[in-house]
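Convention: sequence-line order gives letters A, B, ...; per-chain numbering from 1.
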Amino acid sequence: KAGVTQTPRYLIKTRGQQVTLSCSPISGHRSVSWYQQTPGQGLQFLFEYFSETQRNKGNFPGRFSGRQFSNSRSEMNVSTLELGDSALYLCASSFFPSGRSRSYEQYFGPGTRLTVT
Amino acid sequence: SQQGEEDPQALSIQEGENATMNCSYKTSINNLQWYRQNSGRGLVHLILIRSNEREKHSGRLRVTLDTSKKSSSLLITASRAADTASYFCATDESNGTASKLTFGTGTRLQVTL
């Protein structure tokens with residue numbers, strides 16, 4: 001199976017602009033999560049989508065939003081960019097298990113490196 | 001916020017030696033996972049240990065979990081230069097209807113020849 005893909009891989013934006021990042025999960029995976037990684041804050045959970053619905057959200061301002069399409073592909077959007085939004089944005093997909101199991105691993109994409117100037 | 005604190009922050013060893021990394025967390029978990037990240041790239045899942053398990057092996061990896069102490073350790077035996085990477089523990093607080101991993105601060109491992 002093809003892995004998780006993210007586009008673009010690198011992006012440079014100016015403060016105040018907005019940006020949209022895209023993520024294509026592994027075929028058959030319906031859960032897509034987004035994370036922000038910075039040297040200062042480490043890996044921070046942004047949100048998780050499943051079947052086009054946001055099921056969980058991290059502690060980020062409303063400038064950060066996302067959506068998921070019927071084919072499980074996901075996008076995240078950051079509006080009114082700030083210098084502090086410069087980070088590696090990682091997308092991960094997982095297979096939502098049937099039955100009562102709660103344990104499932106996540107498969108990460110290579111990330112999108114966003115630089116805000 | 002980050003759930004886990006990892007120790008040490010950085011570790012430098014020679015090829016062939018064992019590397020041990022520790023992770024502490026704060027809340028109840030369903031499982032704990034370890035990931036590896038090569039410089040500036042995506043994370044690769046290494047191993048998952050459920051909350052009712054105490055030890056798990058996968059190749060050269062050995063993970064232990066002590067839920068009473070809220071801690072876990074990752075042991076890499078007979079390390080190789082290719083093991084050079086950052087290693088993160090992640091606690092799964094999923095409630096069965098939503099997925100969420102909370103990552104630790106990571107340990108940077110350097111394996112030299």
Side-chain angles (χ1 to χ4, degrees), chain A residues 3-6 9-10 23 25-26 29-51 53-60 68 87-115, chain B residues 1-7 9-10 23-25 27-53 56 58 61 63 65 67 72 85-108:
Chain A
V4 177
T5 58
Q6 291 187 246
R9 292 293 310 279
Y10 302 92
C23 171
I26 290 172
H29 286 190
R30 297 164 66 188
S31 171
V32 175
S33 300
W34 288 89
Y35 297 85
Q36 180 197 64
Q37 186 177 29
T38 60
Q41 298 298 316
L43 277 154
Q44 304 273 334
F45 172 79
L46 280 157
F47 27 65
E48 187 243 0
Y49 286 87
F50 180 82
S51 291
T53 300
Q54 186 183 88
R55 298 196 300 184
N56 213 343
K57 190 177 190 303
N59 188 27
F60 277 82
Q68 186 181 34
L88 180 67
Y89 289 89
L90 293 162
C91 164
S93 73
S94 64
F95 171 68
F96 190 74
S98 59
R100 300 167 64 183
S101 171
R102 296 180 179 178
S103 301
Y104 37 92
E105 62 200 54
Q106 297 194 4
Y107 294 84
F108 282 79
T112 294
R113 172 77 61 186
L114 172 65
T115 301
Chain B
S1 63
Q2 289 183 309
Q3 161 84 294
E5 294 293 328
E6 293 183 60
D7 171 59
Q9 288 189 338
C23 167
S24 60
Y25 59 92
T27 64
S28 297
I29 61 173
N30 297 316
N31 65 72
L32 187 143
Q33 304 178 30
W34 285 89
Y35 288 81
R36 183 186 74 224
Q37 184 179 35
N38 291 89
S39 181
R41 300 185 183 178
L43 280 75
V44 175
H45 181 268
L46 295 175
I47 195 166
L48 180 155
I49 185 166
R50 293 183 171 81
S51 59
N52 61 353
E53 297 176 314
K56 200 161 184 180
S58 176
L61 305 179
V63 169
L65 179 65
T67 53
S72 174
S86 291
Y87 292 81
F88 295 89
C89 67
T91 50
D92 183 350
E93 301 162 30
S94 307
N95 58 14
T97 59
S99 174
K100 178 182 178 183
L101 288 180
T102 303
F103 284 86
T105 51
T107 294
R108 292 188 307 278

* To do: To the nearest 0.5 Å, tell me how far A/Gln106 CD sits from B/Asp92 CG.
  =>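 Reported to 0.5 Å precision, the distance equals 7.5 Å.
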* OH-CG distance between B/Tyr35 and A/Leu43, expressed to the nearest 0.5 angstrom ->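 Result: 10.5 Å between the selected atoms.
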* To do: Would you indicate whether A/Tyr107, at its atom OH, is surrounded by more than 12 heavy atoms from other residues, nucleotides or ligands within a distance under 6.0 Å?
  =>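 No, because the 6.0 Å sphere around OH of A/Tyr107 holds 12 heavy atoms or fewer from other groups.
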* Asked: Has B/Gln9 got more than 12 heavy atoms of other residues, nucleotides or ligands less than 6.0 Å from its CD?
  ->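 Check fails, neighbour count at 12 or below.
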* Contacts of B/Tyr87 that satisfy ring pair (Phe, Tyr, Trp, His ring centres under 6.0 Å) - sequence neighbours left out ->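 Counting only residues at least two positions away or on another chain, B/Tyr87 forms no ring pair (Phe, Tyr, Trp, His ring centres under 6.0 Å).
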* Asked: Under a 4.5 Å heavy-atom cut-off, does chain B meet the side chain of A/Arg9, its backbone, both or neither?
  ->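 No part of A/Arg9 comes within 4.5 Å of chain B.
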* **Residue selection (most heavy-atom pairs with chain B, distance under 4.5 Å) from A/Pro110, A/Cys91, A/Gly111, A/Gly58** =>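 Counting heavy-atom pairs under 4.5 Å, the top option is A/Pro110.
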* To do: For B/Gln37, enumerate each residue passing the side chain to side chain donor-acceptor pair (under 3.5 Å) test, keeping only those at least two apart in sequence or located in another chain.
  =>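 Result, side chain to side chain donor-acceptor pair (under 3.5 Å) vs B/Gln37: A/Gln37.
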* Would you say B/Leu101 and A/Tyr35 make side-chain contact, with heavy atoms under 4.5 Å? ->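 In contact.
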